[in-house]
2 protein chains.
Amino acid sequence: MTGQEIGGTAGRDLPEATVGRLAGYLRALTAPGTAASGVISSSTLAELAGVNAALLRKDLSFLGSHGTRGVGYDIAGLADEIRRALGTHLASPVALVGIGHLGRALARYAGFGGRGLEIAALFDASPEVIGTRVGDLEVHDIADVVPVCRDRAITIGVVATPEGTAQQVTDALVRAGVRSVLNFAPEVVVVPPEVQLRRVDLALELQILAFHETRRSSGAVGG
Amino acid sequence: MTGQEIGGTAGRDLPEATVGRLAGYLRALTAPGTAASGVISSSTLAELAGVNAALLRKDLSFLGSHGTRGVGYDIAGLADEIRRALGTHLASPVALVGIGHLGRALARYAGFGGRGLEIAALFDASPEVIGTRVGDLEVHDIADVVPVCRDRAITIGVVATPEGTAQQVTDALVRAGVRSVLNFAPEVVVVPPEVQLRRVDLALELQILAFHETRRSSGAVGG
DNA sequence: TAGATTGTTAATCGATTAACAATC
DNA sequence: TAGATTGTTAATCGATTAACAATC
């Protein structure tokens, strides 16, 4: 799992944490408030992205990116380099399972397009939802997940179903050829070793926040 | 920022990462599939929670928790210890701003109750939404955020509004006395130093997943 | 006692930061 | 040249893991 340099192509082997931040840099670079051309210094961009400038430079150095000493980074060029590194030009098709409120929020989320992601198929188990449309897409029966995903060459799946269903939904996605799963259900899901799994627990972040808040109000720490 | 032991009370000074996992242990301990009484070993619980057993024992050691060597941990007793450490018995009131799909998903999220969190007030800016009800709660005008939050002693806020509004909504929450903010909008938000801020970027997790997926399918690493 | 499992130490790993030589 | 800013090194920090003595 340590740095394997492959074929001399720079920017292949990015630390996990760097990948997560690069998206933030790209967002800052392309935000309405940022000039589209010209140069930007690491300290300015770092402030826009909310990180330390040394960390930003370190992250960019993984891309083999080269700014100009004494000057800064070319805005358009840097944006292109990050896009290339993240593969945002490839528009990976994504299957979204569970068309409740969270699923709809994700389906309509505007930010996907520019980030190399395209919601390509929607699935649900409820007869009232199957056959309806959300935006441009029709909601399919989860029972059809295998043919639909195969047909659209979908390899990424998002599980936004109610608690208790995540494992079977994930199993179905894996049978359909999905190799990466993002699970929003607050359950442990098991996948074969060749399948990548990430989890987002919406309540957890809030719980962590509440923990610190409670600690403060009970006077545990000064300041 | 290094371990300050305060007043001899065990479990006060938990590493950030430990706090996040404790919630997962509690969930596993209280899941339907787990016995409610008896003992459980660190390796069994670790598997249920999806973590390494040594890490689990280390996390629990921060609580001053004491299992029984050669036996394991008392299930009910451990659950209580974790609840106490996380403060889940305190039911912190939370204000939720932005009653779109994401906001509704959060408002109805069943998992909050048992986790020390209570959505106590809803706010939106849209006249069509203000005055409607979601579950037991009426949606208030965001303009009323100060009196409503003060009245209900709310110190935690969740921002689930469309892009471009997060900063002003956060400012309003801070004016209303909120000291911890969870921001779901994919923007950098600035808060006074005494206010705690966390961010969740829903698209980011998917983008990270897609990055690894793309890497694999382009043959960058052997599998 | 023998077997099992904790609690803790020490080693490892990865991520962040400060500092500064290189260089535009 | 003088000033500015990168790219990189070394120091630091925190989190994870393996190993094992303690002990039930």
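This structure is a prediction, so every number in the text was calculated from the model and none was measured. Chain naming here is simple, since letters A, B, ... match the order of the sequence lines and numbering starts at 1 in each.
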### side-chain N/O B:Tyr73 vs C:dA4 OP1/OP2, d < 4.0 Å
no

### From CA spacing to verdict: side chain to side chain contact (heavy atoms under 4.5 Å, CB included), B:Glu213, A:Arg179
CA-CA 7 Å; B:Glu213 176 61 30; A:Arg179 292 154 46 98; 3.3 Å; yes

### Query
A:Arg83 and A:Thr88: side-chain donor and acceptor closer than 3.5 Å?
no

#### Entry: Phosphate-side-chain proximity, A:Asn52 and C:dA18, N/O vs OP1/OP2 below 4.0 Å
yes

### Query
Within this structure, what is the CZ-to-P distance between B:Phe62 and D:dG14, rounded to whole angstrom?
12 Å

### Task
Would you mind reading off the distance between A:Leu45 atom CG and D:dT5 atom C1', rounded to a whole angstrom?
14 Å

## Note on the structure
Closest of C:dT16, C:dT6, D:dT17 to the B:Ser41 side chain is C:dT6

### Message
With a 3.5 Å limit on both atom pairs, tell me what C:dA10 is paired to, counting Watson-Crick and G-U wobble, or say none.
### Response
D:dT17

### Query
Does the A:Ser42 side chain pair with the main chain of A:Arg57, one donor and one acceptor, at a distance under 3.5 Å?
no

#### Entry: Per A:Arg57 side chain, nearest of listed nucleotides C:dA19, C:dT17, D:dA19
C:dA19

### Query
Closest to the B:Pro15 side chain: C:dT6, D:dA15, C:dT8?
D:dA15

### Summary
Pairing partner of C:dT23, by Watson-Crick or G-U wobble and under 3.5 Å for both distances, is D:dA4

### Task
Please check the phosphate of C:dG7 (OP1 and OP2 only) for any side-chain N or O of B:His66 closer than 4.0 Å.
yes

### Query
Within the structure, does a side-chain N or O atom of A:Ser42 lie under 4.0 Å from either OP1 or OP2 of D:dT5?
no

### Message
Quick check on DNA chain C: between A:Val71 and A:Glu16, whose nearest nucleotide comes earlier from the 5' end?
### Response
A:Glu16

### Interatomic distance where CG belongs to B:Asp59 and P belongs to D:dG14 [whole Å]
16 Å

### Query
Going by modelled atom types, is there a donor-acceptor pair between the base of C:dT6 and the side chain of B:Arg69 at under 3.5 Å?
yes

### Task
Check whether any side-chain N or O of A:Arg21 sits under 4.0 Å from OP1 or OP2 of C:dT16, and answer yes or no.
yes

### Message
Would A:Leu106 and B:Leu202 count as a side chain to side chain contact (heavy atoms under 4.5 Å, CB included) here? Give the steps.
### Response
CA-CA 8 Å; A:Leu106 290 167; B:Leu202 297 180; 4.1 Å; yes

### Query
In terms of side-chain heavy atoms, does B:Glu81 have a donor or acceptor partner in B:His66 at a distance below 3.5 Å?
no

